Amino acid sequence: MESRLLLYNTLSRNKELFEPLNPPFAGMYVCGPTVYGDPHLGHARPAITFDLVFRYLQHLGYKVRYVRNITDVGHLEADLDEGEDKIAKKARLEQVEPMEIAQYYADRYFLYMDALNVKRPSIEPRASGHIIEQISLVQQILDAGYAYEVNGSVYFDIEKYSKTYQYGRLSGRVLDDLLTNTRNLEAQEEKHHPADFALWKKAQPEHIMRWPSPWSDGFPGWHLECSAMSTRYLGLQFDIHGGGMDLLFPHHESEIAQSQIANRVTPAKYWMHNNMITINGQKMGKSLGNFITLEEFFTGNHRELLKAYSPMTIRFFMLQAHYRSTLDFSNEALEAAEKGLKRLMTAYEILIKSPSPQTDPRSAIRDPRSPIIHRQSPIADLFDACYAAMNDDFNSPMVIASLFEAVHIINSVYDKNESITVEELDLLKKMFGIFVFDILGLKNEQSSDQSVYLDGLMDLILKIRQKSRETKDWGTSDQIRDALNKLHIVVKDGKEGTNWNVE
RNA sequence: GGUUUCGUGGCCGAGUGGCUAGGCAGCGGUCUGCAAAACCGUCCACAGCGGUUCGACUCCGCUCGAAACCUCCA
């Protein structure tokens, strides 16, 4: 299929045609989690956003190398225990090795991302495994004359950089503003300019995460790892760099500066940023103490939650919003997502499981919105609309809207036994296969563990119930239905007989 | 204060210079022993004030309000 994929490039603040540097290959780097806490809803947003990008690029036929890092070195904790990084701090509190913490939370992260049906990236490098690359990157920047050493720490020279390059290009910031608006920290006494950022920090004696370097025993600055690892696995220049909007400044801005000096190029062609999750209109974040972990969502064990929400409900909820919009959490919105997803999946079950409806070369399917005779089936139109939506900066909400129109058609056909062509029926199945399962990455949670025994038993039970219904023995009939309900098996009597499914 | 972004119906959320978003909820029907589901119909919008235009929810300006970033954060 001829595709013209447009994606919004933060660098240009415009939608641009996606033209990879080396087709058919596509390289994508996304900033991954710092593994010092349980994964929460905020972690799910970029994971799902770039999973969608990954899946769609693959669907279009690109050979994608998707790199997402694990930050297990930790970043500077500015407010207290100066210089001590997050992972080390947590390790000290919990009396374990820092790597034990990193391992534990990395495992937790994978567990919950798997539950959300987020595909594993091609490579998941760890910052701690790339200290050598980071040290050599610092050296390159020093050699180029854009960094300076003070007391064993190395800082990037923003002032010098700004004479030739534009620091603030990605985030739209101006250096003078940075100068006047940067908070004064004690550590900044070492810096020549308040906007300078650390490339290497000398470790204090009590700091347990440390590596030897030409300058001191210490640890790398927090912008360094992404530059080092993206270069290592994707080359000096690659196609897409992704991450949360909160990383725009200073993290991504500094990555650009580092690459510009060390490699003489801007690292990524397209910069993509997902927006934040809000809770009561406010950002959900660790420091705000208002975050809800994924485990809490899946179990319902949190005071803000009225009930548990399944992984696919969370995934669907996020895909119903565009990735560049903020998405506000509420129980009401999640319940709506849950019901909508069920409607989508039930229609799919009907499509593949029910006996074929009346097929007829003269389809009764008409576009309800337009009396015009189409040159092609309205179902083909919906199919095209799905591609058009994805090609327009991954507009998953519009894909979902088209899918619901398909649901409407499926229900009408089966409910009223309207005629449909064999081709249209196949097209519907194909549309669901590609968009619902392959691209949106949704799974059917309703009918996961049905066995042949269950099918056989249900046949038997429903036959007995049918007999009681024929003799108008409603007591027995309802008793069976109620008992099955308690086992989470829902029985529905329709015109064409009785249906059932496991909830 | 600066930077970026946003303000859509009861809720969540797309989109567009004139033509239906979609989901959930509500209301009225159809179907049904009842229930559920489904189907048909229906109500509720584009923060406010100006401007451009034949026409603006959509473009421009102002006002009000909100958020993120500027400090670790997805």
Side-chain angles (χ1 to χ4, degrees), chain A residues 10 13 30-34 36-37 39-47 49-50 74-79 85-86 168 171-174 176-178 180-183 185 195 222 242-251 273-278 281-288 291 316-317 320-322 324-344 346-347 350 367-370 385 389 392 395-405 407-408 410-412 414-416 469 472-474 477-478 481-482 485 490-495 499 501:
Chain A
T10 311
R13 306 207 183 271
V30 174
C31 295
T34 301
Y36 71 105
H40 57 78
L41 199 60
H43 290 102
R45 188 94 196 258
T49 296
F50 294 102
H75 299 153
L76 287 173
E77 195 96 306
D79 46 347
D85 77 46
K86 285 181 169 176
S171 54
R173 265 159 238 265
V174 183
D176 289 345
D177 296 333
L178 290 173
T180 52
N181 292 308
T182 305
R183 193 173 71 168
L185 286 176
W222 75 289
M245 270 185 186
D246 50 345
L247 296 178
L248 234 157
F249 188 91
H251 186 54
H273 292 92
N274 63 274
N275 216 319
M276 303 289 108
I277 298 283
T278 59
Q282 211 188 20
K283 183 179 144 178
M284 175 180 285
K286 280 167 210 150
S287 52
L288 295 167
F291 68 95
F316 187 69
F317 171 64
Q320 272 190 307
H322 186 81
R324 283 192 288 116
S325 303
T326 55
L327 175 59
D328 198 48
F329 154 85
S330 70
N331 280 286
E332 220 179 346
L334 275 172
E335 273 185 61
E338 184 178 55
K339 285 182 186 169
L341 178 61
K342 187 183 163 195
R343 182 170 149 88
L344 191 66
T346 303
I350 290 170
D367 190 333
R369 300 162 300 180
S370 155
D392 187 15
N395 197 325
S396 54
M398 281 193 74
V399 172
I400 290 170
S402 290
L403 288 170
F404 274 112
E405 297 201 21
V407 167
H408 179 76
I410 292 168
N411 285 333
S412 297
Y414 284 87
D415 191 67
K416 297 186 290 190
R469 291 183 75 215
K472 303 206 182 214
D473 178 4
W474 308 124
S477 154
D478 289 352
R481 187 172 62 193
D482 293 347
N485 258 327
V490 178
V491 174
K492 295 166 190 169
D493 299 315
K495 242 181 201 169
N499 280 315
N501 61 283

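All figures in this text were calculated on a predicted structure; none of them were measured in a lab. Proteins come first, then strands; the chains are lettered A, B, ... in the order of their sequence lines, and each starts at number 1.
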- [ ] Looking only at side-chain atoms of A:Asn395, point me to the closest of B:rA74, B:rA14, B:rC39.
- [x] B:rA14
- [ ] Rounded to the nearest 0.5 Å, what's the gap from CZ on A:Phe316 to CD1 on A:Ile400? Could you check?
- [x] 4.5 Å
Open item on the list: Return the OG1 to CG distance between A:Thr278 and A:Leu41, rounded to the nearest 0.5 Å.
Closed with: 10.0 Å
TODO: Kindly point out which of B:rC72, B:rA36, B:rC12 is positioned nearest to the side chain of A:Asp328?
DONE: B:rC12
- [ ] For A:Ser402 and for A:Phe317, find the nucleotide of RNA chain B with the closest heavy atom, then tell me which residue's nucleotide is more 5'.
- [x] A:Phe317
Open item on the list: I want to verify a distance call: between B:rC34, B:rG13, B:rC40, whose nearest atom is closest to the A:His408 side chain?
Closed with: B:rC40
TODO: Please round to the nearest 0.5 Å and tell me the distance separating atom CZ of A:Phe404 and atom CG of A:Leu344.
DONE: 5.0 Å
Open item on the list: Between B:rC24 and B:rA56, how many Å separate the two P atoms, rounded to a whole number?
Closed with: 34 Å
TODO: Quick one: closest heavy-atom pair of A:Asn411 and A:Ala347, and the distance?
DONE: OD1-CB, 4.5 Å
TODO: Using the P atom on both, measure B:rC46 against B:rU8 and round to a whole Å.
DONE: 11 Å
Task: A:Lys342 NZ - B:rG22 P separation (whole Å) - done: 22 Å
Task: Separation of B:rU16 P from A:His322 NE2 (nearest whole Å) - done: 11 Å
TODO: Could you work out the separation of B:rC19 and B:rG26 based on their P atoms and round it to a whole Å?
DONE: 30 Å
Open item on the list: Please report the distance separating the C1' of B:rU20 from the corresponding atom of B:rG15, rounded so that it comes out in whole Å.
Closed with: 11 Å
Open item on the list: Distance check needed: B:rA74 P versus A:Leu327 CG, whole Å only.
Closed with: 17 Å
Open item on the list: Need one value for A:Leu248: base, sugar-phosphate or nothing, where a base atom within 4.0 Å counts as base even if backbone is also close, heavy atoms only.
Closed with: nothing
Task: A:Phe249 CZ - B:rA74 P separation (whole Å) - done: 18 Å
Open item on the list: What's the separation between atom CG in A:Leu334 and atom CD in A:Gln320, rounded to the nearest 0.5 Å?
Closed with: 10.0 Å
- [ ] From the options B:rG33, B:rA74, B:rA21, select the nucleotide whose nearest atom is closest to the side chain of A:Asn274.
- [x] B:rA74
Open item on the list: Quick check on RNA chain B: between A:Gly32 and A:Arg469, whose nearest nucleotide comes earlier from the 5' end?
Closed with: A:Arg469
TODO: Check for a donor-acceptor pair, side chain of A:Ser412 on one end and backbone N or O of A:His408 on the other, with a separation under 3.5 Å.
DONE: yes
- [ ] Starting from P on B:rG15, measure out to CG on A:Asp392 and report it in whole angstrom.
- [x] 7 Å
Open item on the list: In dot-bracket form, 5' to 3', how is RNA chain B paired? Count Watson-Crick and G-U wobble pairs only if both distances fall under 3.5 Å, and write | where the partner sits on another strand.
Closed with: (((((((..(((.....[...))).(((((.......)))))....(((((..]....))))))))))))....
Task: Donor-acceptor under 3.5 Å (A:Asn395 side chain, A:Met398 main chain) - done: yes
Task: Criterion side-chain contact (heavy atoms from CB on, under 4.5 Å) against A:Ile277, the qualifying member of A:Leu327, A:Asp328, A:Thr326 - done: A:Leu327
TODO: Ignoring the backbone of A:Arg481, work out which of B:rA35, B:rA14, B:rG22 is nearest its side chain.
DONE: B:rA35
Task: OP1 or OP2 of B:rA68 under 4.0 Å from side-chain N/O of A:Thr278 - done: no
Open item on the list: Under 4.0 Å, counting only non-hydrogen atoms across every strand here, what does A:Ile277 touch: a base, just sugar-phosphate, or nothing?
Closed with: base
- [ ] Would you indicate which nucleotide in B:rC34, B:rC70, B:rC40 comes nearest to any side-chain atom of A:Asp493?
- [x] B:rC34
Task: Inter-nucleotide C1' distance (B:rA47, B:rU58), Å rounded - done: 15 Å
- [ ] Pick the P atom in B:rA74 and in B:rC69, then give their distance to the nearest Å.
- [x] 11 Å
Task: Interatomic distance where CD belongs to A:Glu405 and C1' belongs to B:rU20 [whole Å] - done: 8 Å
Open item on the list: What's the closest nucleotide to the side chain of A:Pro46 if the choices are B:rA74, B:rG33, B:rA14?
Closed with: B:rA74
Open item on the list: At less than 4.0 Å, is any side-chain N or O atom of A:Thr326 found next to OP1 or OP2 of B:rU5? Yes or no.
Closed with: no
- [ ] Take the protein atom CG of A:Leu334 and the nucleotide atom P of B:rC11, then report the distance between them rounded to whole Å.
- [x] 17 Å
Open item on the list: Tell me every residue that passes side-chain hydrogen bond (donor to acceptor under 3.5 Å, both in side chains) with A:Asn331, counting only those two or more places apart in sequence or in another chain.
Closed with: A:Tyr309
TODO: Classify the side chain of A:Asp473 and the base of B:rG33 as holding, or not holding, a donor-acceptor pair under 3.5 Å.
DONE: no
TODO: Step by step, work out the side-chain contact (heavy atoms from CB on, under 4.5 Å) result for A:Arg45 and A:Met276.
DONE: CA-CA 8 Å; A:Arg45 188 94 196 258; A:Met276 303 289 108; 5.8 Å; no
Between the protein and nucleotides 23-26 of chain B, which nitrogen or oxygen pairs are less than 3.5 angstrom apart?
| unit_1 | atom_1 | unit_2 | atom_2 | d |
| --- | --- | --- | --- | --- |
| B:rA25 | OP1 | A:Lys339 | NZ | 3.2 |

Task: Length of the CH2-P vector between A:Trp222 and B:rU71, whole Å - done: 10 Å
- [ ] Working to the nearest 0.5 Å, report the span between SG of A:Cys31 and NE2 of A:His273.
- [x] 7.5 Å
Task: B:rG33 pyrimidine/purine six-ring stacking with A:Trp474, under 5.5 Å and 30° - done: yes
Task: Gap in Å between the two C1' atoms, one belonging to B:rC44 and one to B:rG9, rounded - done: 5 Å
TODO: Just call it for A:Met276: base, sugar-phosphate, or nothing, with non-hydrogen atoms closer than 4.0 Å on any strand.
DONE: base
Task: C1' spacing across the pair B:rG23 / B:rA14, given as an integer number of angstrom - done: 11 Å
TODO: Calculate, to the nearest 0.5 Å, the distance between atoms CE and CG belonging to A:Met245 and A:Leu248 respectively.
DONE: 7.5 Å
